[in-house]
S.K.: 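What follows is a single structure, and I will ask about it in a moment.
The structure displayed is predicted, hence computed values, not measured ones.
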Amino acid sequence: MSNTPPHAMLDVQADQVHRVIGDELAGFWTVDGAAAAALTPGQRGHIPPGVRREAYSWGALARTTPSGTPPIGQTVLAAVIRAAWCLVLPYGLTNLAYWARNLCTIEPQVRRTATLVRLFGLGLTLLFVSTVVSVSSDLIALQYLNFGNGTLPAQFQAVAALSPQRRLAVSLLVPVAALAVLWFVASRSRTRYDVDNSKQTEESAGVTPILRRHGFWNNSGHAAETTAIHLAAGVAGTVAMTALFAPPHDKPFGWIFSMIAIVAVLAMVAGAVRLVLTSERGADVPALRTEQTMPVATWAVVAVSAATFVSQSLLLAFGPGATDRPAEGVVPRLDGLIAVPGVLVLMLLALALAGLSIRRMSPWWAVVLATALGAAAVAYLCGQRVPAVIAGVSVYLVLLALALPRSDFQAWSGRAVGVFLLLALGGAMLLSNLVVVGVGNWLNRSKGAAELVSDEPVYCQTAIRIPAIFAWFGVGLVASAAALVVVVVVAGCCAIRWTAFVRARSRDASTSEESIVLAEPDTVPAERLANAAHRAEPAIGVLATLAFLALLPCVILPLRPRQDPEATTHLHVVTALGTLSAAALAAALVGALVLRPHSARPLGMVWDLLCMVPRAAHPFGPPSYSERAVPELVARCDAWLGEDSRNRVVLSAHSLGSVLAVAVLLDPRSEELAARGALLTYGSQLRAYFGRIFPELFGPDAIANAPASGARPFAPDEFLRDDCGPAPRPRPGTVTGLLGGADGRPRWINLWRETDHLGFPAYSRLTNRIDVRADEVDRSGYLPTVAGHSGYVRTPQYRTALEELRRLLGA
């Protein structure tokens, strides 16, 4: 099983395979009978006698771009879909943070940490809404159309002829439509991916490992409720963000606008409360929750939010002041949007920093977080020494997180939740900056980027203005870029030591006479690349730190004391440079994904990681292919084992397929598979990445392997001292315990090689009975080539391992 094409897994030509069962997204494939009969022993794809080989490919589940050789229209559609995937990357990172929590503590602790991550996800939705409202309502409907410039298409002229209040009413349809698109994509993917109908049972509610709980891959009921809450909060947020543009209270019927705004804010608060209460529902909570329908209270929040939106839109279009024109020289603005993005970023940053310690959160941490947020709110209101207060609160949170005990056997020393949340917030701000700054520059035409963030009052405004938060993010991005240069220089200096170490290790490994061949390719470059790629974990930690540096000015600089124009000249230069740099970086990221071949997945391994876990924290994240793949694999194995009592199954899994294979073996419906099956993995990240990022799902307590230490960022040996942790005694419910043989030899073999940049030992780096080193040179072709992440099925170690597992199974 793998996410690669089925003919590549079967090691034959594309026209020699056919689908046994499945659809265009995922299915089981096998070699045609005539092609299989023509293959002789020693040829690629040869199937030994008495073996039925099927390949399960789920690659299309992780990408839904059109396939084939399309006309131009379909190519454009594929590019648009890939660009849209960029918008949900922060939501996928939030889902990763949810499953990186400590899932095996007491029930109140599990709910408390789930609440923090889900509230962060709700804040990302509101940040998305504020971005859309800033562009559609503030930049275009109010500011740009008031100037009457001609950059926009002629179809906007009819809207430009309306009064500002009515233009605002029309523009409010845009954020609602954007939310509707997110809802449509999420609901459509649920119908195609969520195929598991199993339900949680009382017996399995608190079972560990967590993957042995019934209904783990059935997330449909919870996802529907969280989707409704996010939609309701987004609609209510749209109303609240535009409330300050309504007629003041002293005008006729002005009090109605005020009441609508208050109700919209209360609806957002009610949605957040409902989201907190949903933390009691889910496979990660060790308590039985049987309700599957959406509660009436959630429907009430949705109804109230929709009512406030309809009421405000009608009053803006036909109520008092609907035909009023602004005074000469006055540019209408949505003043609420000046502060809303800054407050959202402040709260999200505080939650992300709290996530750095969430795996060891004590009851007092909630008090500390609430105190920090209260101090920040007071600082925003009092206006005295605000930069120092905000900086002090941020530094205090960071120092508190860094002072907590470390965990060498967990990703980023147990700070995976905070790392993912910082990356999610940084990515969301980067994409928001691209949209707001990009549209603002386009509408401003010949004016520079500094004009977008001018401090001129409204009555002096002659160009488009954007919320200052996006300018300050650009300033932080410039500072992060400077820090990144230092990191790159240090890494370059360390690379010289890495190269010498890799060459020495390669000479020590080349001891067999069989490998001494004149035409043998040099494996050192591939090992050097793999040596650097193995440091992905510390590299991602550096990115999270840079994201924090870029976000810090967003909560400090907006509150600086007002100075003379001469004193702020240098700051304006940095602001202009940073604003354009942030937009250019985001555009380069989106463009790189859009211009990739339509068959390629965006961000490769990262995207597969995002799509691995269920959408439990943010309903608009990438769909989880595991919610379909695991039940399908369980059903297929059960069907094969049920045909004949002599049938056996060897799960041959490459790369991320090893993670799915473990999920299948741990599934409570796979007792027969565990008794009559075996596991063959290769190119696996099970121990080095997944076991460290999700310890309760794929760590030693679920696998019964040795805990893995993280890669060292500067040491020549990237896994120095990784063998210090002993493997625990296998429990009956773990993978090693389930696959334990009568003679003590587990029915599990893992292949790995030093030239594989994504493959690692699955049990331990010490000599053991599971991990086997595969050849680093592929000699199956005309000329020998250096093997990397693929080609394991062509090695003699693969054939030997397969025969050994068949012997252990008695097949």
S.K.: How long is the gap from CD1 on I693 to CG on L609, to the nearest 0.5 Å?
M.R.: 5.5 Å
S.K.: Determine the minimum heavy-atom distance between L168 and T242, stating which atoms define it.
M.R.: CD1-CG2, 4.2 Å
S.K.: Within the 4.5 Å heavy-atom criterion, are V133 and D138 side-chain neighbours or not?
M.R.: no
S.K.: Yes or no on side-chain contact (heavy atoms from CB on, under 4.5 Å) for L179 and V129, after CA distance, side-chain angles and deciding distance?
M.R.: CA-CA 8 Å; L179 288 172; V129 171; 4.0 Å; yes
S.K.: Supply the atom-to-atom distance R111 CZ to L116 CG, rounded to the nearest 0.5 angstrom.
M.R.: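 It is 15.0 Å, given to the nearest 0.5 Å.
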S.K.: Are side-chain heavy atoms of V419 and I540 found at a separation under 4.5 Å?
M.R.: yes
S.K.: Would you say I466 and S134 make side-chain contact, with heavy atoms under 4.5 Å?
M.R.: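 Side-chain contact under 4.5 Å: no.
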S.K.: Name the residue from M612, Q685, R692 that meets the side-chain contact (heavy atoms from CB on, under 4.5 Å) definition with F698.
M.R.: M612
S.K.: Checking side-chain polar atoms at under 3.5 Å, does H230 have a donor or acceptor matched by the opposite partner on T125?
M.R.: yes
S.K.: Does S432 use its side chain to pair, donor to acceptor, with the backbone of T131 at less than 3.5 Å?
M.R.: no
S.K.: Just wondering, do S137 and L172 contact through their side chains at under 4.5 Å, heavy atoms?
M.R.: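 Side chain of L172 against side chain of S137, heavy atoms only: contact under 4.5 Å found.
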S.K.: A240 and M268: which non-hydrogen atoms are nearest, and at how many Å?
M.R.: CB-CE, 4.0 Å
S.K.: Less than 4.5 Å apart, side chain to side chain, heavy atoms only: is that true for Y98 and V417?
M.R.: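 When only atoms from C-beta onward are counted, V417 and Y98 do not touch, as no gap falls below 4.5 Å.
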S.K.: Side chains of S709 and F409: does their closest heavy-atom pair fall under 4.5 Å?
M.R.: yes
S.K.: I need the minimum non-hydrogen distance between A97 and L421, along with the two atoms involved.
M.R.: CB-CD2, 3.6 Å
S.K.: Using every non-hydrogen atom in the two residues, find where F473 and A550 come nearest and quote the distance to one decimal.
M.R.: CD1-O, 3.6 Å
S.K.: Measure from the ring center of F420 to the ring center of W412 and say whether it is less than 6.0 Å.
M.R.: yes
S.K.: Under a 4.5 Å cut-off applied to non-hydrogen side-chain atoms, are L103 and F694 in contact?
M.R.: no
S.K.: With respect to H618, which candidate in Y91, W99, F128 satisfies the ring-ring contact (aromatic ring centres under 6.0 Å, His included) definition?
M.R.: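 Testing H618 for a ring-ring contact (aromatic ring centres under 6.0 Å, His included) against Y91, W99, F128 leaves exactly one candidate, Y91.
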S.K.: Does R118 make a cation-pi contact with F120, if we ask for NZ or CZ under 6.0 Å from the ring centre and within 45° of the axis?
M.R.: no
S.K.: Roughly how far, to the nearest 0.5 Å, is CG of N95 from CG of L610?
M.R.: 8.5 Å
S.K.: Look only at the side chain of R535 and the backbone of A711, and say whether a donor-acceptor pair between them is shorter than 3.5 Å.
M.R.: no
S.K.: So, R274 and E225, do they make that salt bridge, N to O below 4.0 Å?
M.R.: yes
S.K.: Quick check on side-chain contact (heavy atoms from CB on, under 4.5 Å): which of I469, L425, L122, V340 does L127 satisfy it with?
M.R.: L425
S.K.: If I take atom CG from residue L484 and atom CG from residue L477, how far apart are they, to the nearest 0.5 angstrom?
M.R.: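 Spacing of CG (L484) from CG (L477) equals 10.0 Å.
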S.K.: Rounded to the nearest 0.5 Å, what's the gap from CG on L356 to CZ on F548? Could you check?
M.R.: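 Rounded to the nearest 0.5 Å, the CG-CZ separation comes out at 9.0 Å.
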S.K.: What heavy-atom pair brings I358 and V117 nearest, and what distance separates the two atoms?
M.R.: CD1-CG2, 4.3 Å
S.K.: Rounded to the nearest 0.5 Å, how far apart are CG of L430 and CG of L89?
M.R.: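 Reported value, rounded in 0.5 Å steps: 11.0 Å.
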S.K.: Considering only heavy atoms from C-beta outward, does the side chain of L124 approach that of T94 to under 4.5 Å?
M.R.: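 SC-SC contact between L124 and T94 confirmed.
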S.K.: For G426 versus A547, what's the shortest heavy-atom pair and its separation?
M.R.: CA-CB, 4.4 Å
